[in-house]
Structure formats: structure tokens, C-alpha cells
Amino acid sequence: MNIKRNNTPGEIGPRVVLSWILIATTAYCFLPWVALEYGITDFTMDELLDALGWNYNKATLVVPLLLLILVPFAWIKLPRKKSGWLFTILSGAVIGILLFSFIASNTSMGLAAGVILLCLAALFAIGISELGFQRGDTFIAGAVIFVVLMVAMFIFYPVWEIFRNVLFNKAGAFVPFQFFRIVTSFGVGRVIWNTLRLAFTVGAATTVCGLIFALYSVRATSRFRYLIRVFYILPIITPPFVVGMSLILLFGRAGMISDGLMFLFGPAGIFTPEGSQGIFERSGYIYGFLGIFLAQTLSLTPVSYMVISGMLSSINPAMEEASLTMRASRWTTLWKVTFPLLRPAIANAFLLGMISSAADFGNPLVLGGEYDVLSTEIYFSIAGAQLDFAKAAALGLILLFLSLSVFYIQKKWIGKKSYVTVTGVETSGNVTPLPKFLQRSLTLFISFWFILVGIVYISIFLGGFVTQWGADYSLTLSHHVELWSKGLSSGAWPSFLHSLSYSVIAAPLTTLVGVLIAYILTRKQFFGRGVIDFGTVLIFAVPGTVIGVAYILAFNTAPIELTGTAVILIITMAIRAMPVGIRGGMSALSQISTSLEEASILQRAGSLKTIRSVLLPLLKSTIVSSMAYSFIRAMTTVSAVIFLATAGTDVATTYILSRVESGDTGVAVAYGSVLILTMLIFTLLVQLVTGRSRTDKQVKII
Amino acid sequence: MSDSSIKIVLKNVSKYFGKVCALNAVDIEFAPGTLTTLLGPSGCGKTTLLRLVSGLEPVSSGEIWFGDENVTDLSATRRDIGMVFQSYALFPHMSVGQNVGYGLGVLKTAPDETQERVREVLEMVDMDGYQNRYPDELSGGQQQRVAVARAMVLRPKVLLFDEPLSNIDSKLRRSMRDDIRRLQQGSKITSIYVTHDQAEALAVSDEILIMRKGAIEQQGPPQSLYHHPETAFVANFIGESNVVDAELLGEGKTRQLVLGDAEINIAQGKKTTRQNGPVKLSLRPEVIEIAPKEEISPQALSGLIVQSAYMGPVIEYSIETKVGILFTRAPAYAGQFQKKEEVCVRIRPEEIIIIPNA
């Protein structure tokens, strides 16, 4: 018996080349070459015909004609190097011509141009892989090109646009001092100070609270600790500003707790002595630093809990037992052994808390009052009457700088400082319990926390059912009726459906690209890898508001005009959720031994087959869970989309915020509670469906 | 040797990782149909060499030839290689049958032919009937057998083993290495086998290639490496050895080695081309005999037992002598010398190895 070896694996057949050329030519013939006036969803036949390349400008015929040159070379077998150069140079040249003509004539690209660019990139990848890039692996070469293009277009280019708006004036002249003029023209120092002060305190508070929760859930002997493992899911499924809204319901001027305090300690309160003014006064104390601080601490603590508890549970109990056998008390052990081992996680949690606080937009918007921070200030310089793009860009630059420097510290300083060795071996021995006194105080703290969180969520759900919170507590369905039973084209439905459909498209997209990036970064070495690496850092570090401003600046004019379309919202959601896919992919891939892929390659499988038959099945659960998490992120995101959503494309979060701004708190919380409930049901469903499968169990073994 | 066996030749091959040189301009020939072991301490470049041959890692410079085909620029997929990984690398989500049949599927072999070939190759490793089991339901030794079957199912031109037995307990290791030897000799596929265990290397190989710091120290059949090590490193690495300093004197029938307080006549024994003067010797433990101190003679060293350990059939001794501590063993039935006891140490002249390159 002899094995057939007629197909050489990894070689490009004529079919592949031809299909890319065919797609490109078809797009040229039937899709609009230039952007349509009212977008791809709303056009007349005449508009479409006018926009078709051959109708619009005969010169565009050059593109398909150049492509047709390649057709015979699908069959003609040139030596590898020669055909490599041919494909690389020709497709590279056409890409250059295409981009140049659009930029030079200042016209916006249509769908056809986009599709053709993609096909050209694929042909380019075939070319350079024949030249030896990625050792001749066309699929990987294509993936690398795709990722580089994507990062360039949706990260580098928009961020550059921010710089451009600061460095150049409207006429295009270089004005290096504009930045200083902008930032010195108003109280920017105060805004930065406000942002930093808030970030610092929130970082510290979330770290301490996260540490408490981690200690309790990993080390306490009480059954209560199982509750904690559930609690971190709530803030994930809650849109960031909803906690802020409920704080208003509780502590605002007409807040329920304010009312209570008024009743007890106010001027006529029952504990107030006759004739005295009382120690409590109705005021907007929740608006400002205190309110934002409280809201951010409540919603960001779970993040720091996860970071710290992850490390705490991987500390080998033997180290603490060693300390105990050397006559150290539990306190000393905790203080001298456990905490020093946790130091990297604590620092990490602190920095993460800082970044998230500085980047948070929803809570300062709802609760900020007079307390202005960078993220809201950026929004108001575009959204308000000012419409000052240069100022927004300058502020965005500052916020980006802050965020990047904290991120840099985290990566360089802490990234390598882990004392905990993860061996994959189950650590034996019993964990050392907490000192009695400590456990009691922690129980008290955590009970208080749960009561507060409970009240927050109850108030959100009740808020949707009372007529006018603070004034008229009679139950009503009117808010929900207004939202949900006025037909699909009014009330909450349009925004809800937009959110759903955009997120459903964005979630698989972002997971796919995220896992692809993770794969390239963990498995491939090549020239230019640094570009993707740095792009990923930007994806992680750029705050949502900065992305929002950058996208407005970048995609509002030719050659790529996307603002006002659903596409830009989907892309924004995808980019914002991408860290989920990248992080999930990286940690899953680092658990899969590379020898599995090598074994597949040595069984004659190409990289595409290897990814499909070996990696994807093993990554299945990672992919499903990051898709679910990306979906939730996309549904609840607000900071970036608020800049890009328009009347025709508003999403749930922007709709809710607009109702908050117009004072309809009841409607807003009613919508918010439905959103939370939807996410909760969705999460439970996903957990039910995925369960624990055979591959899950086995990936752990490797 | 079957006709399909090929020769593997590395011509001036180097490999750099960044600035670190893992392999420095080596020239090696692997004879057709043989099994050659790459042996050396960790970090010596043996795994790198294996990965260069497999194509999983590109060479920095030099050429690799399979028979009369230059495969330097071919990717691993196209080189026609079977490989057994240290971790076995069985796909955890596929059954044994799917694992072994994976490559046949890639080459679009008909399903019933695939099934037949999978059965055939599993039979060779005594694993027929396990087709529907999953890797996590098998013992380490069984996983190992499946990995070997998978490497052989496509009848590759070259078989590579990357420390295949390092995860198996020592009792099973012996029978596994015999199986590998038997399969390789049956198929006559040119094979390269990486290990750091010298006993394993001696047992399975036609040839052993000792590597050190990215270069080849010595290549040859097991016996020749054991009896004629060219360097102190090889003498130490293959088998156990006491490497000591001595001086070569005299000529012809009076050729002598001065070894501490002993003068050993080697005229009838070892022939050496070395000039008179200081030399290094390799003394295997089995060459060294211990006798009560009363038997001391000019040809023997006087020594002091510093350590003795009862090992069942033999007793191991460390003896302090003028040339350093010598390690040896003696049969247990001869009775045990005590620690701190003075003894006479005799060395059989015909078995003394004078290391050529030292």
C-alpha cells in the first residue's frame, strides 16, 4: 500500500488565487466604488448606479484590469521566488494606487473599494509567503497582514488623528504650541488633579476591598464565602453608570437614605434636640467626588478581587505551613509570608483600579456635578455648544498619556515580578485559616457591603416601578409601558434592538480577531511583530472616550467616512471588547503545548488544518466564554459609543443616558433594570449551555 | 537495509537564537536505516539539532539533505517525517484511532484504508483494540505506544524521537526501549533519538553522537565510545569513569604509567601514540580492584576507604588515593571493607584508557 501524495500540503492552488480575483472583480462591477450619500442602507437605484466604479470614473477600470493580469499565473508555474515577486509587487502597487487616488481626490471609499482592498491584501499575502515570509505559510501570512491592517486602520490611524488635530491647525499648518495654548486656556490643571486624585483613591479603595474579599473567599472558614464568588458577576453585567444612577436614588437630594437621615437627624428630626438645626442637611453631597468615588469603588472592586484572589489561591500552602512550624503566629504568617507573596497582585490591582477609574465615563457624567474629570471634559468639549475638536484631542492626549504610563509601569515593573510558580500541579496541604479576630471583622465588613449592594440593586429595580422617586412612591407600570409597549419603532425598542444586533455582530468578530492576535503573539516570531504588540497595548490602554474622539476625527471625512453608520458602532464595540478575546486566547494558548501543533504539522497538516482540527476544538470553551463576555461588554459599553451614536443608530446605553440628562430618572432606571436582567439571563444561559465538556477537562491536563 | 532507507546529511549547519549560538557549524552523517542517539547534557544543542532536522525550526546557515534531496528550505509539513514527542503530544480531544489516523485524513486516504492502516500500526505497538479510547484513559506507557504508532503510520523517511522515555517510570522504560529498537530495526527507517540517559543510548543505538556546547564531541558505535573515549568529557558521560592524572614514561617494553605511588607497566596492554609526559587516564570502576592492604605492591596504589555503600549484589566504595578519590564496586560476596580501612588498589593495565585528546 502506498500513500497518495498528489496534493502538496500548504501550496496555493489556482482556485485560491482565482477566487480572490473573482471576488474583487465582482465587487467592482456591482458595489458602489465611492461612498453613498446616505449610507449603504438607504439609497436609490440612481445613486447606486452613479457610484459604481465604471460609471463613476473610467480611470478606475485600471484596478480590475491590473488584477486580470494575475489570472493566467494561477496556472502558470513560475519558480517560487518569481511568482512571489509578481504577486507582491502587483498587488502592492494596486493598493498604493487605490489609496493614493482616494486621498488625493478627497473622496470617500465605497464598499467596493473596501472589498477590493481586502482581496488585494490577500493576494499580497500569497506573494510574500511565496517569498518566504512566515516560512511560506500563506494562511499565517494572510492573518498577519490582516491583523496589521486592522490595527493600523482602527488604532494607529485614529490615535494619529488625535495628534494631528493637536499639532496642526485647521488649515494644515504646523502649530507645535497649540497644545500648550489649549491646555493653559482653562483650568486643565484642576481637571487633571481631579482625575488623578479620584484615580488614586479609587485605586487604593478597590485594592483594599478586593484584598478583603479575596482573603475571605479563599481563606475564611465560613460558608458565607461562597456568596462572594457570585458577587463579581453583577458589576460585569451592569452598565457602568447604572450604579451611579442608583446612588442618586439613594443619596441624592430626594434620595431614600437622605430622606431617612433627614427624618432622624434633620432640623425637625426625631433625634434632633428642640431648637437645634440638626446635624443633617439636605444637599447634593453625593454629586462630586464622594459620589463618583462610591460608584467606582462599588463597580471596580470585583476586578481587583479577581486579580488578588487568583494569586492568593495559587500560593503553595506549604509556605505558610512552613512559617507556622517555625513558631510564627497566624498574624505573623499573614503579615510576613502571605502579604509579601501577594505584593505583585496588590500592585497590579491598584494600577488596574487607577486606569479604570480614569477611563470611566458613565459615573462622572451622572454623578460628577461640579467635579470635572478628563473623560467628561473631553465629552463636553465635543458634545456641548463648544464643538472644539482641538481641545477634545488635547485632553484625549493627556488622558491617553496617563493611561499609557500607568499601563507601562504595570507591564514593565509588575509583569515580571511574580513569586508564585504556577506548576499545574495541584497544591496539597490545607490552607491556613485566618486569625479569628480578623475573620470576624471581615465578616462584618462584607455583610455591610452586601447590604449596600443589595440596596443599590433593589433601588434600581424598584425605581422603574414608582411614579416619582423621592416625591411619589406609588407603584406604577407607566415607565415600562412607555418604554416597551409603544410599538417597535418608538420607546426603548429601537435602541434595544440596535444594541442587540450590533453586539451580536461585534462579539464573534472581536473574539475571532482577538484570538487570532493572541495566536500570532504567542506562537509566531516575525519582523514587524512589535507593531502588533504595540497595537495590542494600545487596544488595552486607550480609554473609551479617547477612542470615541479619535474615531470621530478619523472617520468623519474622506477617504474613510463611517460616522453615523452602524458599521462604526460595531467596530467600536469590537475594539472595546477586544482585550477580552486577546486575554482569553493568550491564557488558553499558553496552556496548550506547542508540541500538539507540531505533531499535527508533522502529520502533513498545513497551519489552517492544524488550527481547525487541533487548536479550535481545544479553544472551544475559551471562544464561547469570550464571545459571551464580549457580547456583554458591547451591550453595556458607553464611553466610546456615546460619541458615535446618532439619532438613527442610538443604542441602549446612550438612550438611557439621554433620558437621565432630560431628568426622566424613572424611565432610565426602568430601562437599566431590564438591561441588567437581560444580561443576567444571558449569562446564566451561557453557563448552562457550555457546562464542563470533555475538552475542558483535558486541556487542563496538558 | 531496505531500499527506501535514506541517508541524512547535515552540512555546516549552524543555529542561532538571537545572539546565542545553539549549534556551531556541525557536519554530520546519519547512515541509512540506522538509529543514532544524540546524547549530551541539557543545553548541549541535541534537541535543537533534532528540530532542525524535523524542519520545525529553520537553520541559520548550512544545508540539510535527505538522501539526494536538499530539504533545507522545505517546511516540516513537506519533509516526510514522523516524530515522537517528549510529552507524546497526543490530541486530547481525539480518540486513539483518530489520533493515529489524523495524518491519513490529511492526505485524504479512503476511510476503510485508513482504518486498516491504523489497525495495522497499532498492532505493531500492541495497542490494537484501543481505537476508541481517549488519551486520558491510557497509562503513560500506552500513550507512548500510540505516539509511536502515529509517528510511523505515514511510513516516513525519517523517524525522530525527542526524549520519548523521560516521562515513563524506570521499570517500564526498559521494555519500551526494547520495543522502539525492535520497531526501528523492523522498519529500517533512518532514525534520530534524543536522550540524556546514557544507559538508554547504549541500549537502543547503532551509533551514538555525543554533543557538548553546540558541537559534536564524538560519534561512533556504543562499544567504541565506551572503550575508546576521545575526551575526558566522553569518558565521563558514557558509563562511569574516574578521570585521573598520570605520567607516561619509558619506551617499548619498558613503557610505564606513573600513577601516584604506583608504577604500572603497560607494554603488553594498551598501545598509545601519545608522547611521554603527563596524560589523563580514564579508569572504569570495573577496572579497579580492592584488596587487603597486606597485598600492596609497586604496581598498586595504597588507599583509604572513605565511603562504602551496600547496594545488594555489589558494594560501592569511594577510596582516597594519591591521585584523588576513586570510585569502584566489588561483589558483595567478597565481604565488605570498612570505612577508614586502609586497602591496596590494583588497576588492570590492559583496561586502562589513555585519553587521546586531553
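What's counted below: heavy atoms across the whole structure, side chains too, no hydrogens, waters or symmetry copies. Residue numbers start from 1 in every chain, and the chains themselves are labelled A, B, ... in the order their sequence lines are given, proteins ahead of strands.
Residue contact with chain A, scored on non-hydrogen atoms closer than 4.5 Å, involves the backbone and the side chain of B/F91 alike. Looking at A/S607, neither its backbone nor its side chain comes within 4.5 Å of chain B, counting heavy atoms on both sides. For A/T594, no part lies near chain B; criterion is any non-hydrogen pair under 4.5 Å.
Classification of B/D197 and B/R173 as a salt-bridged pair holds, one side-chain N sitting under 4.0 Å from a carboxylate O. A salt bridge does not link B/R181 with B/E200: every distance from a Lys NZ or Arg NE/NH1/NH2 to an Asp or Glu carboxylate oxygen is 4.0 Å or more. Looking at B/D80 and A/R604, a side-chain N of the basic residue comes within less than 4.0 Å of a carboxylate O on the acidic one, giving a salt bridge.
Environment of NZ in B/K7: sparse, with no more than 12 heavy atoms of neighbouring residues, nucleotides or ligands closer than 6.0 Å.
There is a side-chain donor-acceptor pair under 3.5 Å between A/S595 and B/S87. Using modelled atom types, one finds no donor on one side chain facing an acceptor on the other under 3.5 Å when comparing A/T610 with A/E597.
Within residues 54-63 of chain B, the residues that have a heavy atom under 4.5 Å from a heavy atom of chain A are B/S54, B/G55, B/L56, B/E57, B/P58, listed by number.
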Just list the side-chain donor-acceptor pairs under 3.5 Å for residues 32-42 of chain B, sequence neighbours left out, or say none.
{"unit_1": "B/T34", "atom_1": "OG1", "unit_2": "B/A31", "atom_2": "O", "d": "2.7"}
{"unit_1": "B/T37", "atom_1": "OG1", "unit_2": "B/S205", "atom_2": "OG", "d": "2.3"}

